[in-house]
Colleague: 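I have a structure I would like to understand better, so I am pasting it below and will then ask my questions one at a time.
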Amino acid sequence: MSLKESIEAVRNSFRAALAAFPTDPQQVEALRIKYLGRKGLVADLFSKMATLDPSEKPLYGKLLNQLKKELTTAFEEKVKEVERKDTKSAQEQADYTLPGLYYPVGSYHPLQQTLDTIKSIFKSIGFSVAYGPEVDDDYHNFQALNIPKHHPARDMQDTFFIDDNTVLRTHTSNVQIHLMENQEPPLRYIVPGRVYRNEAISFKSFCLFHQVEGLFVDKYVPFTELKGTLEYFIRQMFGDDKKIRFRPSFFPFTEPSGEFDIWDDERRQWMEILGCGMVDPAVFKNVGYDPEIWHGYAFGMGVERIAMLKYKIQDIRHFYQGDVRFLEQF
Ligand code: DAH
């Protein structure tokens with residue numbers, strides 16, 4: 001094959017390669033190296049000039065330079081054209097009617113929502129919020145609240161013991177004692193928190209639940225103020241139409257004691273939501289308050305029970321299963 005024919009052959013095969021131009025960048029680079037690289041086909045033809053008769057060199061030199069220029073320009077044009085097509089087709093392919101990306105959004109747990117509502121109602125009537133220990137000694141959870149060891153009242157609250165003297169608190173009432181030990185009266189607090197009971201689990205009882213304790217201590221605290229405050233709370237929480245009942249009860253740390261029930265429309269029965277009473281003088285003595293001077297009322301409400309009534313939830317266990325189908329309804 002003469003050099004002229006070789007030049008034509010390279011030109012033709014290059015044109016064929018351009019027609020089937022690859023999309024993969026590595027293949028594009030391989031193509032460039034094959035024709036235009038330092039050891040590529042064009043360089044190869046240049047090296048063949050050495051074999052030519054000196055009289056032929058100027059002509060072939062010119063032809064080869066033309067070839068090199070032509071291939072280089074054609075190659076660069078092609079690369080640009082492919083890039084343009086890429087961006088254009090991406091724009092043409094965009095479908096603006098497609099739905100956007102879905103990002104699931106979290107929400108507050110229904111118990112947290114209930115707690116927040118309870119807190120804001122009591123804050124609006126002058127209560128402060130305090131917290132206390134979930135693991136406590138027997139003294140604060142029981143004895144200081146007028147529940148001595150082996151007293152039958154302990155049967156009301158099946159207890160998880162850490163050791164002989166340490167318990168997971170069975171109620172938030174332990175914080176009444178901590179508050180009064182650490183502060184002089186008067187005081188007015190609510191205490192939200194978790195409590196634990198080793199109870200048979202059912203639709204309305206779980207081994208873990210939440211309470212909000214309340215404690216009001218001052219010089220003049222009539223029983224009607226307890227009743228009025230709690231009725232106000234229930235009306236704020238449930239509205240004016242809810243059927244409620246206030247009945248006598250017993251707790252070792254209050255005297256007299258009462259409980260509020262709320263009518264459960266779903267189950268057609270009363271559901272107790274809180275215990276309360278006037279702080280027993282024995283409790284004041286235990287914390288060093290003079291019961292001749294100071295009086296007070298206390299209460300403790302079940303947050304799960306309130307949430308169940310408010311949101312018509314049939315089973316307390318729903319709160320603790322983390323099932324998104326349940327949680328996303330709130
Ligand atoms: N601690 C009681 C319970 O867990 C509830 C309770 C009743 C709290 C009367 C009080 C109260 O502060 O005065 O069942």
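Start at 1 and go down the list; that is how both ligands and their atoms are numbered.
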Colleague: Is K285 salt-bridged to D290, cutoff N-O under 4.0 Å?
Modeller: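 No, no charged N to carboxylate O under 4.0 Å.
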Colleague: Looking at E56 and K4, is there a salt bridge between them, counting it only when a charged N and a carboxylate O are closer than 4.0 Å?
Modeller: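 Salt bridge flag = no for E56 with K4.
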Colleague: Non-hydrogen atoms closer than 4.0 Å to ligand 1: which protein residues do they belong to? List them by chain and number, please.
Modeller: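 Within the 4.0 Å shell of ligand 1, which is judged on heavy atoms, sit Q157, H171, S173, Q176, R197, Q211, E213, F251, F253, T254, G275, C276, G277, A298, F299, G300.
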Colleague: Is it true that atom NZ of K227 has more than 12 heavy atoms of other residues, nucleotides or ligands lying nearer than 6.0 Å?
Modeller: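 At most 12 heavy atoms, drawn from other residues, nucleotides or ligands, come within 6.0 Å of this atom.
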Colleague: Between S47 and D44 (side chain of the first, backbone of the second, donor and acceptor by atom type, cut-off under 3.5 Å), is there such a pair?
Modeller: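 Side chain of S47 to backbone of D44: a pair is present.
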Colleague: So how far is it from Q27 CD to R32 CZ, rounded to the nearest 0.5 Å?
Modeller: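 It comes to 15.0 Å.
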Colleague: Have H140 and E181 got a donor and an acceptor in their side chains that come within less than 3.5 Å?
Modeller: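 E181 and H140 do have a side-chain donor-acceptor pair below 3.5 Å.
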